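One structure below.
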Amino acid sequence: MAEIGQKTLLDSGWLAARSTDVQLTGTQLTTTYPPTSPTSPWMEAVVPGTVLATLVENKVVGDPFYGLENETILDIADSGREYYTFWFFTKFQCKLSGAQHLDLNFRAINYSAEVYLNGHKRVLPKGMFRRHSLEVTDILNPDGSNLLAVLVHPPDHPGSIPPVGGQGGDHEIGKDVATQYVEGWDWIAPVRDRNTGIWDEVSISVTGPVKIIDPHLVSSFFDRYTRVYLHATTELENRSSWVAECSLNIQVTTELEGSVSLMEHLKTQHVSIPPRARIQYTFPQLFFYKPNLWWPNGMGKQSLYNVSITVDVKGHGESDSWGQLFGFRKIESHIDSATGGRLFKVNGQPIFIRGGNWILSDCLLRLSKERYKTDIKFHADMNLNMIRCWGGGLAERPEFYHYCDVYGLLVWQEFWITGDVDGRGVPVSNPNGPLDHDLFMLCARDTVKLLRNHPSLALWVGGNEQVPPADINTALKNDLKLHPFFESQSENITSVEGLSTAYKDPSQYLDGTRVYIQGSMWDGFANGKGGFTDGPYEIQNPEDPFKDNFYKYGFNPEVGSVGIPVAATIRATMPREGWQIPLFKKLPNGYTEEVPNPIWQYHKYLPYSKPGKVHDQIELYGTPEDLDDFCLKAQLVNYIQYRALLEGWTSRMWSKYTGVLIWKTQNPWTGLRGQFYDHLLDQTAGFFGCRCAAEPIHVQLNLATYFIEVVNTTAEELSNVAIEASVWDLEGACPYYKVFDKLSLPPKKVVSISEMKYPKSKNPKPVFFLLLKLYHVSNYSIVSRNFYWLHVSGGDYKLLEPYRNKRIPLKITSKTFIKGSSYEVEMKVLNKSKKPDPKTLTYKNNFAVRNDDSDFDMTSLKPIPDTRTDLKQPTGLFQRLYRQFSRESDGLRVAEINGSDGGVAFFLNFSVHGAKLEHEEGEDSRILPVHYSDNYFSLVPGEEMSIKISFKVPPGVSPRVTLRGWNYHHGVHTVL
């Protein structure tokens, strides 16, 4: 029999077929003639997912992410809507007893559907962003075996793709309440089915006579966050024909260790619900003294409490249950008078926003918890603290928000309006938004109820570069108005008694705790008035973001640049003709124009030059010879580019800026611009440039003034610290070394320390390295480390080309820990070049512990001693040039690379692969995703760095870790 409160996902065993290929009705499919196997016209279906995801999975069409294969797939504008109208079919077991009820739940479909269950028809009305819950108790089969068929229709206005046009195709998709990017943008090709399908979770859930619906949790704070109250309101529906006498329980627990939980609160209330009635019930407030607060990434821990609500009905026992992880936190924002930018506060502390723009994780909507976890952890790994869910994409799913809660990413969630599609596009688009404004508001309200309990959700925004139509904007402002306690003048509410007597309980609002901003360039964002004042979206000179005239407004919601991935990704996602690098065309004005191959152009490649403004940044290292050379040099540029963007903004923290969001952090397909990691989940070097620049306490070089600066974004003063600045030339000498000691760094400040003297000294080297370290004087533990490669003004990096031939000796020590399929590897890399200056005591790079949580529990891992003594050696030239050996020493695995040269081991990067060394051309041996504590790093003579690498291994695969670098282009392989 079914279990009360149980939700069962229907995420496997689905079949699909094009509607025009099925001659049966929905009634027949779910009674006498059900499909029994994936035989034509039926095929195995991807649910959740889209029609196109199912067609790709079954190889009915090519992979739209590969090469130019998207051009071979029929677009809905040419095929007609019927071509992408599909049947989806599955079976499920469920037998009820007594007063049990069953709901069939679709968390989202696109765009409308007819549902048939055991011959009975129900309709799922239009709208991509609304939940559907169907009570099907009376139409279940008595034997418990149930047949379900769903006929899904595409959006009503899928539009067409004009040969020449702006973003969002012909903008017709804007007439529906649906995602708008699907007609194509300057970073993605059109999605042929416009995301038609059962694209989110399908489930069945069992209740008793009374059902819990959409509880709302809110916390209020008093006496400097020492007295905290939890407010909770829920809807309750009595499905029976008699008065339901209910015991309603709310319980709050916190996890201590492993599976041990501490009960914080348990409260029981009696409620009577009339027959067939739906009521709203508000619990008495629950009091907490000094609870652990939820903080964004970089500000503290992400403390979460488990809140559960259950309802028992007299004579029937437990009727329903609901649970949610909840964080106590208060988010406020206002327009800052000093900068004009919107300034956010969390738990009373100002937070300087460094974040990224997000579209969605996959444009075939193959969404999964595992993918979301990786995506969001990547953002936390980069030290970002906000993600903006762009208005042309999705209202993101609860799993996305769950991991933002866990990893501390604030979320800016937009509704489904864009300037391009809704009034400001080329050709001029319709300013009136979707045809059905009531449907838009229904979807908006339902989305708020779906997401409002997540502590990571920081604000609602009406649209991207546009405000919604006047009536929708007014309705959103009214529905999402702040409860007075959460307005900036709320200091006059000093007690929960004052709050509850003067105003209704905040949990009775639709939201009431988060600000609503009408558009992404209004009210403290960009120029605040809706002018197109975000951007730029192109390659920059690294020094420009530090200059006064780079960006004039306080908060930039979009600034973007390049994003070519590593060569292995190009080979994995394109045929051989896509491996051709751009032509470098010299122009009369001395600049270079890059001419990409047609496949790169189709994948929206963004050049590394801007003729007339920015010289080709790849060419600064010398003209690339082939794909590997091009992509490696591109990674050098990626690192510099994104570090400079974020350091430039951070250099003016609070004096000029309150925040910045990079456009974008990733692509939902195999795009070639604006990304920190590619769609295969391999990081570019820009990922680690961002990670460096956005650390909470950071030492940096202002590239416009050449002053050393320290940024302290935390609430704590940092005292008794010092900065070590060392310059290294290409011969391994250290012509400049200086320590700035006795420093105290106030909280929430940028401190200018001193001007770097070296480049202004006599006879500076044309190319040199600068290493900055901020450390505690007491124990030499590193707080921040920042490594630059620089050239003199007007110069270039071409001297780095012969530097590739330097043979810098390295010692690599590894230790492996394993738990199931999860690996964590500690790699210590030592530059064995002789240290020219024995005074430096920071060479071991023992980093100070940051006050935040890691999700990887080293204590739960089993160390694997490696008794093998053979290191897999590459053959040919590399074997002759290097002498490698390994040995077992105190349970560690040690590899050494001998070299006769001294100097900086430059631009080292780890990767993880399947163990075999020989691969077919174009074969991708990488194990992805991998989390690195750092990568694309460099070591000065005598310096040692410890890198943690964590990943999961597919079944039957033995991993190996490879170290490559500017001086180690053939790679050093360690089999684990």
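Worth saying up front: this structure is predicted, and the values here are computed from it rather than measured.
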From the list Phe688, Phe687, Phe676, ring pair (Phe, Tyr, Trp, His ring centres under 6.0 Å) partner of Phe378 resolves to Phe687
Minimum side-chain heavy-atom gap Ile808-Tyr803 below 4.5 Å | yes
Asp548/Arg652 ion pair, N-O < 4.0 Å = yes
Could Lys765 and Glu731 be called an ion pair, given the rule that one side-chain N must be under 4.0 Å from one carboxylate O?
-> no
Return each pair, listed once, that meets salt bridge (charged side-chain N to carboxylate O under 4.0 Å, His left out) where at least one residue sits in residues 628-646; pairs must be two or more places apart or across chains.
-> Arg571-Asp628, Asp629-Lys633, Asp629-Arg804, Lys633-Glu801
To the nearest 0.5 Å, atom CG of Leu681 lies from atom CG of Asp375 at 6.0 Å
Report the distance from atom CZ of Phe906 to atom CG of Leu908, rounding to the nearest 0.5 Å.
-> 9.5 Å
dist Ile708:CD1 -> Leu701:CG (nearest 0.5 Å) comes out at 7.0 Å
Test of ring centre spacing under 6.0 Å for Tyr407 and His379 | no
Can you check whether Trp789 and Tyr639 have ring centres sitting under 6.0 Å from each other?
-> yes
Looking at the rings of Phe525 and Trp412, which for Trp means the six-membered one, are their centres under 6.0 Å apart?
-> yes
Ring center gap for Phe768 and Trp728 short of 6.0 angstrom = no
Tyr932 side chain reached by Gln683 side chain, heavy atoms, under 4.5 Å | yes
Is it true that Lys760 and Glu755 have a side-chain N and a carboxylate O under 4.0 angstrom from each other?
-> yes
Lys815 bridged to Glu826 by N-O distance under 4.0 Å | no
Run the salt-bridge test on Glu943 and Arg785 with the 4.0 Å N-O cut-off and return the result as yes or no.
-> yes
State which residues pass salt bridge (charged side-chain N to carboxylate O under 4.0 Å, His left out) with Lys832; sequence neighbours excluded, sorted by chain then number.
-> Glu896
State whether Glu944 and Lys811 are salt-bridged, where the test is any N-O pair (Lys NZ or Arg NE/NH1/NH2 against Asp/Glu carboxylate O) under 4.0 Å.
-> no
Step by step, would you call Tyr608 with Asn638 a side-chain hydrogen bond (donor to acceptor under 3.5 Å, both in side chains)?
-> CA-CA 9 Å; Tyr608 283 67; Asn638 290 343; 2.7 Å; yes
Would you say Ser561 and Trp663 make side-chain contact, with heavy atoms under 4.5 Å?
-> no
